[in-house]
Amino acid sequence: MGSERPSRLVLVAAALLALGIPLAALASAREGEPTAANTAIPSFTRDVAPIVRDNCTGCHRVGGIAPFPLETSEQVSSRAGLIGAVVRQRRMPPWPPGPRSPAYAGEAERTLTARERATLLAWTRAGAPVDGPALGRRPASPPRPRAGESVLRLRMPRAYSPRAAQGATDDYRCFLLDPKLAADTSVTSARIEPGAAEVVHHVILFRVSSSEVPQARRLDRSAPGPGWRCFGGTGLPASASPGAIRGSLDDAGWVAAWAPGSGGGRLPEGTGVVLPAGSAIVMQVHYNLLHGRVADRSQAVLTTAPASARLAPLRTMLLPAPVELACAKDERARLCTRTEALFELGRRYGPFAALVPSGLLVLCRGDATTPKPSAVTTCQRRITAPTTIRVVAGHMHLLGASIRVELEAGTPRPRVLLDIPRWDFHWQGAYTLLEPVRARPGDVVRVTCRHDVRKRRSGAHGAPRAPRYVLWGEGTSDEMCLGILQVTGG
């Protein structure tokens with residue numbers, strides 16, 4: 001890059017494009033807007049600043065995942081036109097589930113009320129006057145324990161500076177956390193706090209049984225620095241038998257997870273993730289180094305309840321589908337061949353990573369000999385025991401376009417559990433169903449994903465520009481199609 005600083009106009013245009021807002025939207029931002037509840041111009045400090053603090057600064061903050069902060073009055077007022085456009089179009093705050101999705105708990109807290117929208121639009125229409133300071137960001141509040149619960153804080157033993165193999169941009173690191181459990185307990189809420197959100201792609205807390213703890217300690221001692229290198233899981237030995245693989249998908253052993261845009265919170269009422277006495281937790285952190293290398297010391301704040309609370313055990317069920325994305329017709333590169341792409345996966349992440357694409361084809365298609373590239377992929381699994389679905393989520397990477405999770409229960413039409421028609425990698429989350437869904441043996445759960453290789457043309461949000469055949473892989477520049485269900489028995 002040259003030494004000249006880009007103009008203010010260029011920076012604003014880049015922000016608009018990054019958010020997917022057409023420039024024409026600004027020109028029409030003052031047309032057809034809803035009127036405010038009264039004709040008075042809203043006060044910035046009294047009326048506007050609280051809305052921005054409560055709904056925007058979680059992402060629009062220094063070091064946050066949004067392209068610019070909204071923590072000061074100048075930052076807010078200078079982008080009043082953009083704020084008016086995205087609020088008018090209902091693009092912000094983001095609420096990924098589309099109208100086909102069912103109702104979720106807390107949905108009203110994640111979207112603006114009609115009065116809040118009218119206030120913001122009236123303020124921007126009046127020229128965005130400022131009569132005082134902004135309120136800064138809303139401080140993150142850890143889960144509050146209820147009667148009988150305890151707070152459990154688990155932090156990486158010390159800071160870790162991520163690094164990756166030559167030519168790679170991803171580092172998976174696992175850290176052993178000892179909760180020192182003398183008795184069985186259940187996790188009732190979780191808040192994972194990345195220490196360096198700009199490099200943390202995701203965090204997963206895995207339950208490790210007491211019999212596996214010595215193996216985890218050996219891995220920790222044998223690796224240089226804190227933690228150990230791991231891909232796709234904890235790095236602990238696991239059986240490769242079909243039965244064991246299916247068992248790990250039916251109960252992935254997750255305690256909690258974090259991805260950009262997810263805030264964490266309480267688990268569904270009356271449920272908990274069981275942590276037996278003597279067990280430990282492995283914190284897997286996926287670092288993506290596309291935007292630099294920063295030392296990280298992430299932590300998790302959990303609330304736990306004793307076994308006497310008799311909570312229904314909550315487990316995580318995974319629904320992966322294969323990803324086979326060919327290069328565009330006009331693209332030519334060595335990695336545009338599937339074989340070369342498989343070799344590249346093995347080089348970056350080890351031989352197991354190169355076997356996963358074929359394993360998923362066998363799991364979902366029954367055959368891995370004739371893979372067919374397609375922008376749309378799907379996989380379904382049959383429910384084998386009475387199950388209550390309580391939480392649903394989806395996960396893709398930078399080329400994701402849409403994702404849907406459905407239940408096929410012998411009715412004329414499948415029941416939609418989650419539909420995200422416009423995928424945004426930087427706004428992910430898990431959604432608690434307002435009404436839990438019961439599935440019977442023989443019912444089928446299905447995940448369907450659509451990807452768009454044209455996203456690499458713009459390189460938005462760090463999407464890989466280099467043409468190549470894209471497969472299921474752990475790196476941010478690879479892809480995934482993953483449905484996630486949190487369920488209880490019965």
Query raised in the report: Mind checking whether Leu267 and Thr188 have side chains closer than 4.5 Å, heavy atoms only?
Result: no
Requested in this report: Look at the aromatic rings of Trp95 and Tyr431 and report parallel, tilted or perpendicular, splitting at 30° and 60°.
Outcome: perpendicular
Requested in this report: Give a yes-or-no answer on whether the side chains of Thr271 and Thr488 include a donor-acceptor pair shorter than 3.5 Å.
Outcome: no
**Report entry** Lys/Arg-Asp/Glu bridge criterion (N-O < 4.0 Å) met for Arg365, Asp367
**Finding:** no
Query raised in the report: Is there side-chain contact between Ile484 and Leu318, with heavy atoms separated by less than 4.5 Å?
Result: yes
Report task. Find the distance between CD (Glu344) and CG (Asp478) and round it off to the nearest 0.5 Å. Result -> 9.0 Å
Requested in this report: Could you tell me whether Arg61 and Glu71 make a salt bridge, using a distance below 4.0 angstrom between a side-chain N and a carboxylate O?
Outcome: no
Query - Side chain Ser101, main chain Pro97, donor-acceptor under 3.5 Å - result: no
**Report entry** Pair Asp250 + Arg381: basic N to acidic O under 4.0 Å
**Finding:** yes
Report summary line: In terms of heavy-atom contacts, Val87 and Arg117 come closest through O-NH2, 3.0 Å
**Report entry** Over all atoms of both residues, closest heavy-atom pair of Ala430 and Val391
**Finding:** CB-CG1, 3.8 Å
Query raised in the report: Sequence neighbours excluded, which residues qualify as side chain to side chain contact (heavy atoms under 4.5 Å, CB included) partners of Pro162?
Result: Tyr160, Asp171, Tyr287, Leu289
Report summary line: dist Ile51:CD1 -> Cys56:SG (nearest 0.5 Å) comes out at 8.5 Å
Requested in this report: Taking side chain to side chain contact (heavy atoms under 4.5 Å, CB included) as the test, write out the residues that go with Gln284, two or more places apart.
Outcome: Tyr172, Cys174, His202, Ile204, Phe206, Cys230
Query raised in the report: For Cys336, does its backbone N or O pair with a side-chain atom of Arg468 as donor and acceptor, under 3.5 Å?
Result: no
Query raised in the report: So how far is it from Arg446 CZ to Glu408 CD, rounded to the nearest 0.5 Å?
Result: 5.0 Å
Query raised in the report: Of all heavy-atom pairs between Pro320 and Leu363, which one has the smallest distance, and what is that distance?
Result: CG-CD2, 4.3 Å
Query raised in the report: Under 4.5 Å between any side-chain heavy atoms of Leu342 and Tyr469, yes or no?
Result: no
Query raised in the report: Does the Arg332 side chain pair with the main chain of Lys329, one donor and one acceptor, at a distance under 3.5 Å?
Result: yes
Requested in this report: Taking the side chain as every heavy atom from C-beta outward, state whether Arg422 and Arg91 have any pair of such atoms under 4.5 Å apart.
Outcome: yes
Query raised in the report: For Leu345 and Gly473, which heavy atoms make the closest approach, and how far apart are they?
Result: CD2-CA, 4.2 Å
Query raised in the report: Under 3.5 Å, side chain of Thr113 to main-chain N/O of Glu116, donor-acceptor pair present?
Result: yes
Query raised in the report: Can you list the steps and then say if Glu479 with His451 is a side chain to side chain contact (heavy atoms under 4.5 Å, CB included)?
Result: CA-CA 9 Å; Glu479 263 306 328; His451 293 86; 3.1 Å; yes
Query - Pair Arg338 + Glu324: basic N to acidic O under 4.0 Å - result: yes
Requested in this report: Would you check if there is a donor-acceptor pair between the side chains of Arg450 and Thr378 at a distance under 3.5 Å?
Outcome: no
Query - Candidate list Val445, Val487, Leu417, test side-chain contact (heavy atoms from CB on, under 4.5 Å), partner Val437, passing option - result: Leu417
Query - More than 12 heavy atoms from other groups under 6.0 Å of CD on Glu269 - result: no
Query raised in the report: For the side chain of Ser78 and the backbone of Gln75, is there at least one donor-acceptor N/O pair under 3.5 Å apart?
Result: yes
**Report entry** Worked check of side chain to side chain contact (heavy atoms under 4.5 Å, CB included) between Asn288 and Val199
**Finding:** CA-CA 5 Å; Asn288 176 250; Val199 297; over 6 Å; no
Query raised in the report: What is the distance from atom CG of Leu398 to atom CG of Asp452, rounded to the nearest 0.5 Å?
Result: 12.5 Å
Report task. Determine yes or no for a side-chain-to-main-chain donor-acceptor pair under 3.5 angstrom, with Thr432 supplying the side chain and Pro268 the backbone. Result -> no
Report task. Taking the side chain as every heavy atom from C-beta outward, state whether Arg125 and Trp123 have any pair of such atoms under 4.5 Å apart. Result -> no
Requested in this report: Nearest 0.5 Å please: distance from the NE2 atom of His395 over to the CD1 atom of Ile403.
Outcome: 9.0 Å
Query raised in the report: Glu331 side chain to Ala328 main-chain N or O, any donor-acceptor pair under 3.5 Å?
Result: yes
Report task. Output the distance between atom CG (Leu249) and atom CG (Leu319), rounded to the nearest 0.5 Å. Result -> 8.5 Å
Requested in this report: State plainly whether the residues Asp419 and Arg404 are in salt-bridge range, i.e. N to O under 4.0 Å.
Outcome: yes
Report task. Please work out which of the three classes, parallel, tilted or perpendicular, describes the rings of His286 and His397, given edges at 30° and 60°. Result -> tilted
Query raised in the report: Do the side chains of Arg191 and Ser189 get nearer than 4.5 Å, heavy atoms only?
Result: no
Report summary line: side-chain contact (heavy atoms from CB on, under 4.5 Å) with Val187: of Leu314, Val255, Leu205, only one passes, and it is Val255
Query raised in the report: Are any side-chain N or O atoms of Arg207 and backbone N or O atoms of Val274, one a donor and one an acceptor, separated by less than 3.5 Å?
Result: yes
Report task. Measure SG to SG for Cys379 and Cys481 and state whether it is below 2.5 Å. Result -> no
Query - pair Pro357-Pro322: side-chain heavy atoms closer than 4.5 Å - result: no
Query raised in the report: Would Val301 and Glu193 satisfy side chain to side chain contact (heavy atoms under 4.5 Å, CB included), going step by step from the backbone distance to the final call?
Result: CA-CA 8 Å; Val301 183; Glu193 301 173 354; 4.1 Å; yes
Requested in this report: Identify the two heavy atoms, one from Arg348 and one from Arg229, that lie closest to each other, and give their separation to 0.1 Å.
Outcome: O-NH2, 2.9 Å
Query raised in the report: Does the pair Leu399 and Val470 meet the rule for a side chain to side chain contact (heavy atoms under 4.5 Å, CB included), with working shown?
Result: CA-CA 10 Å; Leu399 300 181; Val470 178; 4.1 Å; yes
Query raised in the report: Less than 4.0 Å between a side-chain N and a carboxylate O, is that true for Arg438 and Asp443?
Result: no
Query raised in the report: If you take all heavy atoms of Pro102 and Leu418, which pair is closest and at what distance?
Result: CD-N, 4.4 Å
Query raised in the report: Counting heavy atoms not belonging to Arg415, are there more than 12 under 6.0 Å from its CZ?
Result: no
Query raised in the report: Can you check whether Ala385's main-chain N or O pairs, donor with acceptor, with Thr387's side chain at less than 3.5 Å?
Result: yes
**Report entry** Note, Leu361 side chain near Trp472 side chain (heavy atom, < 4.5 Å)
**Finding:** no
